[in-house]
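Here the structure comes first, spelled out in C-alpha cells, and everything after it is commentary.
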Amino acid sequence: ILNRVKETGNKNLVIGSGFVQHTIPLLSQIKELGMVTYRLGIPLCAFDELKNAVPDVLESTNAVCTWFSFFHDSNQNFSNRFYNDYGKNPDFNQAYTYDQTMMLKSALEECDKLGKIDDTDCISEQLLSIKNYAGVAGNVSFDNEGVSVRPTVLVKFIDGKFERLN
C-alpha cells in the first residue's frame, strides 16, 4: 500500500495505528521509502518499546503524536511510583485506568455517604458531575453523554526525547 501511495507522488502521510507491534514495521517502511508522516493516531509515542525500537525512525519520519498530559508536575509522582513498582514508564493505558479507577472510587464514596452504594443511578450522577478532575493523565470532565473530555497534547520526537508542541 505504501508503494502505491508513493507512486502518486505524495510523500506526506497521516497515519493511525492502534498497536505498537504494527507501528514499528510501518514506521520503518515509511523511512525506507523516504516518506514523511505527520501524525500517529493514538498516543503510541508513549510506549517505551516504540521509542526504544525505532527512535531514529520517529525522528526521521517527522512523527507527531498525541499524548496524555505527562508534561505537568502532578504526573511525575505517578510516573515515579509506577516505574519503581513495575520497572518501566507508564503509558497512556495505565494513566487513564488509574484516573478512571480513582473517579469511580470517588463516586462510590459519595453514594455510600448518601446510603446509596448499590444505586447505579447515584453512581452515574456522581460520575457525570465530575468536572476538571485533576488526574495523572491531565484534567478530566464528562460531557452530557458521559464521554470523558481530556486535554490533547501533541509531541514530537526530537534529539532523543519528546518535545511538547502545544
Side-chain angles (χ1 to χ4, degrees), residues 12-24 26-27 30 37-55 58 61-158 161-166:
N12 300 325
L13 297 172
V14 175
I15 64 168
S17 176
F19 298 100
V20 173
Q21 62 269 31
H22 299 153
T23 303
I24 292 171
L26 180 63
L27 285 177
I30 288 169
T37 178
Y38 286 99
R39 185 174 183 280
L40 297 175
I42 63 171
L44 285 172
C45 293
F47 286 104
D48 280 342
E49 45 276 47
L50 182 61
K51 293 186 292 190
N52 296 335
V54 289
L58 280 174
T61 59
N62 201 34
V64 173
C65 308
T66 58
W67 189 304
F68 58 97
S69 298
F70 249 52
F71 286 94
H72 57 79
D73 294 335
S74 66
N75 305 23
Q76 203 56 54
N77 239 357
F78 173 76
S79 293
N80 291 340
R81 286 191 335 258
F82 191 94
Y83 187 85
N84 290 337
D85 289 347
Y86 302 103
K88 67 177 191 169
N89 291 316
D91 63 37
F92 71 98
N93 287 313
Q94 286 94 22
Y96 287 168
T97 300
Y98 181 83
D99 286 348
Q100 292 161 350
T101 301
M102 297 311 291
M103 288 184 287
L104 179 57
K105 177 182 179 267
S106 175
L108 289 169
E109 288 171 347
E110 289 301 314
C111 291
D112 191 32
K113 287 178 192 174
L114 299 170
K116 297 180 176 185
I117 189 70
D118 295 327
D119 185 341
T120 57
D121 289 335
C122 179
I123 297 166
S124 293
E125 289 168 15
Q126 291 298 321
L127 286 171
L128 288 174
S129 72
I130 293 173
K131 302 293 180 223
N132 293 314
Y133 171 82
V136 298
N139 288 347
V140 183
S141 296
F142 289 98
D143 68 13
N144 294 335
E145 302 294 317
V147 176
S148 64
V149 179
R150 302 169 183 271
T152 299
V153 176
L154 297 178
V155 296
K156 184 174 179 182
F157 201 69
I158 302 170
K161 63 183 190 307
F162 286 105
E163 299 281 335
R164 185 176 176 158
L165 300 178
N166 65 338

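Just so you know, residue 1 is the first one in the sequence shown, and it goes up from there.
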Donor-acceptor under 3.5 Å ([X] side chain, [Y] main chain):
X    : Y    : value
D99  : A137 : yes
D112 : L108 : no
K131 : F142 : yes
S124 : T120 : yes

Distance check, rounded to the nearest 0.5 Å: [X] atom [atom1] versus [Y] atom [atom2]?
X    : Y    : atom1 : atom2 : result
E125 : L114 : CD    : CG    : 9.5 Å
E110 : K105 : CD    : NZ    : 11.0 Å
R150 : Y96  : CZ    : OH    : 5.5 Å
I130 : M102 : CD1   : CE    : 11.0 Å

Lys/Arg-Asp/Glu bridge criterion (N-O < 4.0 Å) met for E109, K113: no
Nearest non-hydrogen partners of S129 and Q126, listed with the distance: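 Scanning both residues completely, I find the closest heavy atoms to be OG-O, 2.8 Å.
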Identified side chain to side chain contact (heavy atoms under 4.5 Å, CB included) partner of I123 from the options L127, D119, D121: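 Only one of L127, D119, D121 forms a side chain to side chain contact (heavy atoms under 4.5 Å, CB included) with I123, namely L127.
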